[in-house]
**Student:** 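Would you mind keeping the following structure in view while I ask a few things?
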Amino acid sequence: MKAKKIISMLLVGVTALGLLAGCSFNTDDTQNAGTDNTATEENQDGPADSSDDADAAQSGTEENTDAVSGSGNILVVYYSATGNTEEVANYIADTTGGDLFEVEPAEPYTDDDLNWTDDNSRVSQEYADESLRDVELVTTEVENWDSYDTVFIGYPIWWGIAAWPMNTFVENNDFTGKTVIPFCTSSSSGIGDSGTLLADLAGTGDWQDGERFRSGADEADVQEWVNGLGL
């Protein structure tokens, strides 16, 4: 009998140790599962319209190459810091048969200027002090401006708003009688109120809801959006 009691006690002890070991593993597993990089990703939309989208899935959607036929001339105005907005602007121009106009700062932004993680960089200082955002452009005048009925306005998102070189262009042109369609590029942020704020600066024109494209946007996605506008 004593031997049986000893064996029983040993079995109970082994079972208890096993349960404790199992509980410890589950706790560590849960803690690790709760770790992510969301905060880091959400802070990636400083003054840059570039992002690696190597993991973006290919939709396989057949490209629609039909150009939108409008009742008037179309202009695609864009400012591009690193080339992504320019790429989308070219897709829009190809799809609509529209003309292109690039907004160019008189003092171009260098890579160091665009380093939004550096508090002393040009864009960081401009972000901190709104009075510094009055960026001089090479020109704000578009040849045959009055002949365009529809104007696309494209820009990267900087801290949730349109990159401010675009402000200078918008403030210096009269959009009366024009349909204005904003578009932007961003690695994570949406278009937000950026188009509305530009419309307020312009004070004229029929400003439409805009569209945000990821950095490295697919041409077929841009064409689908443009063709759905019913221009």
**Student:** Quick check for you: to the nearest 0.5 Å, what is the distance between N73 atom CG and D99 atom CG?
**Tutor:**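 Answer rounded to 0.5 Å: 7.0 Å.
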**Student:** Could you tell me if the side chain of V88 sits less than 4.5 Å from the side chain of Y78, heavy atoms only?
**Tutor:**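 Side-chain contact under 4.5 Å: no.
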**Student:** When rounded to the nearest 0.5 angstrom, what distance separates CG in N144 from CD in E141?
**Tutor:**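 Those atoms lie 12.0 Å apart.
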**Student:** Strictly by modelled atom types, are Y91 and D221 linked by a side-chain donor-acceptor pair under 3.5 Å?
**Tutor:**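 No - no donor-acceptor pair under 3.5 Å links their side chains.
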**Student:** So N227 and T95, side chain to side chain contact (heavy atoms under 4.5 Å, CB included) or not? Walk me through it.
**Tutor:** CA-CA 8 Å; N227 289 327; T95 304; 3.8 Å; yes
**Student:** Taking ring-ring contact (aromatic ring centres under 6.0 Å, His included) as the definition, give me every residue that meets it alongside F213, ordered by chain and number, with sequence neighbours left out.
**Tutor:**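 Partners of F213 by the ring-ring contact (aromatic ring centres under 6.0 Å, His included) criterion, ordered by chain and then number, come out as W225.
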**Student:** Indicate the atoms forming the closest heavy-atom contact of E87 with G216, along with that distance.
**Tutor:**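 Heavy atoms only, the tightest pair is OE1-CA, 4.0 Å.
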**Student:** What's the spacing between D174 CG and T204 OG1 if we round to 0.5 Å?
**Tutor:**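 Output value for this atom pair is 4.5 Å.
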**Student:** Assess, by modelled atom type and distance only, whether the side chains of D112 and T110 contain a donor and an acceptor separated by less than 3.5 Å.
**Tutor:**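 T110 and D112 do not have a side-chain donor-acceptor pair below 3.5 Å.
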**Student:** Kindly indicate whether the side chain of V77, heavy atoms from C-beta on, has any atom under 4.5 Å from the side chain of V103.
**Tutor:**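 With C-beta onward as the side chain, the pair touches.
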**Student:** Nearest heavy-atom pair of Q125 and D119: which atoms, and what distance?
**Tutor:**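 Taking every non-hydrogen atom into account, CG-O, 3.9 Å.
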**Student:** Check P182 against Q208 and note the closest heavy-atom contact, atom names and distance.
**Tutor:**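 Heavy atoms only, the tightest pair is CD-O, 3.2 Å.
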**Student:** Considering only heavy atoms from C-beta outward, does the side chain of R122 approach that of V135 to under 4.5 Å?
**Tutor:**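 In contact.
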**Student:** Going from OG on S186 to CZ on R214, what distance comes out if it is rounded to the nearest 0.5 angstrom?
**Tutor:**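 The OG atom of S186 sits 12.0 Å away from the CZ atom of R214.
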**Student:** Could you work out, with side chain to side chain donor-acceptor pair (under 3.5 Å) as the rule, every residue matching D209, not counting sequence neighbours?
**Tutor:**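 Checked D209 against side chain to side chain donor-acceptor pair (under 3.5 Å); zero matches.
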**Student:** Are F101 and W145 close enough that their ring centers fall under 6.0 Å?
**Tutor:**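 Between W145 and F101, which both carry aromatic rings, the centre distance is not below 6.0 Å.
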**Student:** What do you reckon, are the aromatic ring centroids of W158 and Y109 less than 6.0 Å apart?
**Tutor:**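 Judged by ring-centre distance (under 6.0 Å), W158 and Y109 do meet the cut-off.
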**Student:** Does any non-hydrogen side-chain atom of T168 lie less than 4.5 Å from one of M166?
**Tutor:**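 M166 vs T168: side chains apart.
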**Student:** Does either side chain, that of T85 or that of T185, offer a donor lying less than 3.5 Å from an acceptor on the other one?
**Tutor:**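 T85 vs T185: donor-acceptor pair found between side chains.
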**Student:** For the residue pair V170 and F175, what are the closest heavy atoms and their distance?
**Tutor:**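 Distance-wise, the nearest heavy atoms are O-CE1, 3.6 Å.
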**Student:** For residues W159 and V123, determine if any side-chain heavy atom of one lies less than 4.5 Å from a side-chain heavy atom of the other.
**Tutor:**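 Counting from C-beta outward, W159 and V123 do come under 4.5 Å.
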**Student:** Check whether the side chains of N84 and E86 place a donor and an acceptor atom closer than 3.5 Å, and report yes or no.
**Tutor:**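 Judged by distance alone, the side chains do not pair up.
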**Student:** Going by atom types alone, do T196 and D193 pair a side-chain donor with an acceptor below 3.5 Å?
**Tutor:**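 Judged by distance alone, the side chains do not pair up.
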**Student:** Looking at side-chain heavy atoms only, is the closest gap between I153 and F183 below 4.5 Å?
**Tutor:**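 SC-SC contact between I153 and F183 ruled out.
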**Student:** Distance check, rounded to the nearest 0.5 Å: S124 atom OG versus D113 atom CG?
**Tutor:**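 Spacing of OG (S124) from CG (D113) equals 10.0 Å.
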**Student:** Specify the closest pair of heavy atoms between S187 and S215, including all atoms of both residues, with the distance to one decimal.
**Tutor:**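 Smallest interatomic distance, heavy atoms only, reads N-OG, 3.8 Å.
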**Student:** Between I181 and L231, is there a side-chain heavy-atom distance shorter than 4.5 Å?
**Tutor:**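 Yes; the side chains approach each other to less than 4.5 Å.
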**Student:** Taking the six-membered ring of W207, is NZ or CZ of K178 closer than 6.0 Å to its centre and within 45° of its axis?
**Tutor:**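 So K178 doesn't make the cation-pi contact.
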**Student:** Could you tell me which non-hydrogen atom of I157 sits nearest to which non-hydrogen atom of C184, and how far apart they are?
**Tutor:**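 Between these two residues, the closest heavy atoms are CG1-SG, 3.7 Å.
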**Student:** Check the pair V151, T179 against side chain to side chain contact (heavy atoms under 4.5 Å, CB included), reporting the backbone distance first and the verdict last.
**Tutor:** CA-CA 6 Å; V151 180; T179 298; over 6 Å; no
**Student:** Does either side chain, that of Y155 or that of S194, offer a donor lying less than 3.5 Å from an acceptor on the other one?
**Tutor:**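 Side-chain D/A pair, Y155 to S194: present.
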**Student:** Run the side-chain contact (heavy atoms from CB on, under 4.5 Å) test against V138 and tell me which residues pass, sequence neighbours left out.
**Tutor:**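 Residues passing side-chain contact (heavy atoms from CB on, under 4.5 Å) with V138: E104.
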**Student:** Do V226 and T96 come close enough that some side-chain heavy atom pair is under 4.5 Å?
**Tutor:**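 Yes; the side chains approach each other to less than 4.5 Å.
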**Student:** As an exercise, state the distance from CD1 of I161 to CZ of R133, rounded to the nearest 0.5 Å.
**Tutor:**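 With rounding to 0.5 Å, CD1 (I161) is 4.5 Å from CZ (R133).
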